[in-house]
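As structure tokens, the structure follows; a few thoughts come after it.
The chains referred to below are lettered A, B, ... by the order of the sequence lines, with proteins before strands, and numbering in each begins at 1. For the numbers below, each heavy atom of this structure counts, side chains included, while hydrogens, waters and symmetry mates do not.
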There are 2 protein chains.
Amino acid sequence: MSRWKPDAAGRLAKAAIELFAEQGYEATTVAEIAERAGLTKRTFFRYYADKREVLFGGAQELENCWLAGMDAAPEDADPMAVVAAGFGPISDLFADRHPFARLRAGIVAENPDLQERELIKLHRLTGVLQHALAKRGVSDHAAALAAQAGVAVFHVAFGRWTRREAPTSLGALMDDSLDELRSVVTATATATT
Amino acid sequence: MSRWKPDAAGRLAKAAIELFAEQGYEATTVAEIAERAGLTKRTFFRYYADKREVLFGGAQELENCWLAGMDAAPEDADPMAVVAAGFGPISDLFADRHPFARLRAGIVAENPDLQERELIKLHRLTGVLQHALAKRGVSDHAAALAAQAGVAVFHVAFGRWTRREAPTSLGALMDDSLDELRSVVTATATATT
DNA sequence: GGCTGCATGACACCAAGTGACATCACTTCA
DNA sequence: TGAAGTGATGTCACTTGGTGTCATGCAGCC
């Protein structure tokens, strides 16, 4: 019918973000999003399983990127170092997406449903990292803890990154957060008993 | 119009569980649930915010119960002991609900949406416990860790409890899980570095 | 009796999501 | 060159979750 247009998924995501930012998540309808993208509601659902998912398309990419980074870590690295080996690639992945991430974070922050979905994504990510560590021969407990810690560090750093107007390096923020975590944990360890 | 019937919420929950068990969660419609309870779809949504919520009505009760148990802990108890002080009351709370819990667990296990919701509930619960600990003067880090650990112990023990056909004591299972956690953590601590 | 408050029913409505089929552009191959 | 195939999209009808609104019946109360 109408001429073919490239990157339908991308156009849908862009339209969605814009509309969510303009009118709020709940107030915008999937049909509106599709219309702004020059497509149809039906087509929207061919690219995204549900309305929320349009904001979480990056999750898979993040996962792959992190895993790839971990694969590149030396065989004998300790678990936390393996996890941290993903920080660099992740930083690169998001390097040019600061404006998008900022907008997105604001939208998610205002809707409980979206926060639910984000929580799930982080949870799944943790599971994936844990599994990857386990396949490297890391013990179950250590893998679980390192994965938890890694995702927590990413989450904190990413939050700080999106809250800044001027885009700093996400990688630096992740390194900082990891340092903080280390000092907190060791401090607790000394103070306990 | 029709004669007044008591415990509408309870009847809805009962009808829902039955139907979910018979036909699956997705395959049963809110209208069906309401009809079996002798009510209307509209009335269902007056008692439960959404279809999933009918399976999570106990969350608030659990939360209150746990907090009450923690309140009863001695002023100078260490954080983990405070959290564990809720185990007794929780065990009592669920004492006569084993069949229900068993059915419910089976249903939740088969539907991703319901698992999402359960994850959120646990997450919220963690936050509440953490806050309660903080109000007692526990440091933020310790509160976060103790809350996480407590909820994890509850989750594991509850899973084991529901998987048993004969209802054992939930309290005993929680105590066991806590012991396991302790040994795992100390073992890791010694084995590390 | 009449008033008030509460739980519910009845009804219309919106938006998310899906299934089935048509259509258009583009490719391939005889 | 043209028929057949393929992939992305449109069209349309439909189900279901969820809500707003108003009517109705039952209770207690003065």
Side-chain angles (χ1 to χ4, degrees), chain A residues 1-57 107-108 110-118 120-121, chain B residues 1-57 107-108 110-118 120-121:
Chain A
M1 181 155 288
S2 52
R3 182 152 211 91
W4 201 86
K5 294 171 186 174
D7 192 24
R11 273 162 40 228
L12 284 166
K14 183 163 173 289
I17 290 261
E18 289 172 4
L19 284 165
F20 293 163
E22 288 168 17
Q23 338 169 343
Y25 173 79
E26 299 225 331
T28 104
T29 210
V30 172
E32 282 179 294
I33 299 170
E35 191 190 3
R36 176 169 299 202
L39 294 167
T40 311
K41 189 178 90 166
R42 193 67 189 81
T43 300
F44 178 95
F45 288 109
R46 279 194 259 257
Y47 284 93
Y48 299 102
D50 58 51
K51 189 181 167 187
R52 296 180 229 171
E53 203 59 21
V54 72
L55 284 172
F56 295 90
I107 296 161
V108 172
E110 279 180 358
N111 188 289
D113 278 13
L114 295 173
Q115 291 166 44
E116 270 203 34
R117 180 59 60 90
E118 188 147 68
I120 304 302
K121 293 286 181 182
Chain B
M1 180 153 286
S2 52
R3 183 150 209 93
W4 166 233
K5 293 170 187 175
D7 193 24
R11 274 163 38 229
L12 284 166
K14 184 165 174 287
I17 290 260
E18 289 173 3
L19 285 164
F20 292 163
E22 288 168 17
Q23 338 169 340
Y25 173 79
E26 298 225 331
T28 103
T29 209
V30 173
E32 281 180 295
I33 299 170
E35 191 188 4
R36 177 170 299 203
L39 293 167
T40 311
K41 188 178 90 168
R42 194 65 190 81
T43 300
F44 178 96
F45 287 109
R46 280 194 260 256
Y47 284 95
Y48 299 102
D50 57 52
K51 187 181 170 189
R52 294 181 230 172
E53 202 58 22
V54 72
L55 283 174
F56 294 90
I107 296 161
V108 172
E110 279 181 0
N111 187 290
D113 279 12
L114 294 173
Q115 291 166 44
E116 272 204 31
R117 180 60 60 90
E118 189 148 68
I120 303 303
K121 294 285 181 181

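With respect to the salt-bridge test (charged N to carboxylate O, under 4.0 angstrom), the residues B/Arg36 and B/Glu32 do not qualify.
With C/dG9, C/dG17, D/dG17 as the candidates, the nucleotide lying closest to the side chain of B/Phe45 is D/dG17. For A/Leu39, the listed nucleotide lying nearest its side chain is D/dG10; candidates were D/dG17, C/dC11, D/dG10. Of the candidate nucleotides D/dT21, C/dG17, D/dT11, D/dT11 has the atom nearest to the side chain of A/Arg42. Of the listed nucleotides (C/dA16, C/dG19, D/dT9), D/dT9 has the atom at the smallest distance from the side chain of A/Tyr47.
In this structure, A/Glu26 places its CD atom 18 Å from P of D/dG17, rounding to the nearest Å. Taking atom NZ of residue A/Lys51 and atom C1' of nucleotide D/dG17, one finds them 14 Å apart after rounding to whole Å. Across the protein-nucleic acid pair, B/Arg52 atom CZ and D/dT16 atom C1' stand 14 Å apart, rounded to whole Å. One can place CG of B/Leu12 at 12 Å from C1' of C/dT8, the figure rounded to the nearest angstrom.
A donor-acceptor contact under 3.5 Å is formed by the side chain of A/Lys41 with the base of C/dG17. In this model, no side-chain donor or acceptor of B/Arg46 finds a partner on the base of D/dG18 within 3.5 Å.
For A/Lys121, the NZ atom is densely surrounded, since the number of other residues' heavy atoms within 6.0 Å is greater than 12. Atom CD of B/Gln115 sits in a crowded spot, with more than 12 heavy atoms from other residues, nucleotides or ligands closer than 6.0 Å.
No option in A/Val54, A/Asn111, A/Val108 other than A/Val54 meets the side chain to side chain contact (heavy atoms under 4.5 Å, CB included) test with A/Phe20.
Residue B/Thr40 is the one, among B/Thr40 and A/Val30, whose nearest nucleotide of DNA chain C lies closer to the 5' end (criterion: closest heavy atom).
Regarding contacts with the backbone of D/dT15, every side-chain N or O of B/Thr29 stays at 4.0 angstrom or more from both OP1 and OP2.
A/Thr43 comes within contact range of the sugar-phosphate backbone alone, with a heavy-atom separation under 4.0 Å but no base atom that close.
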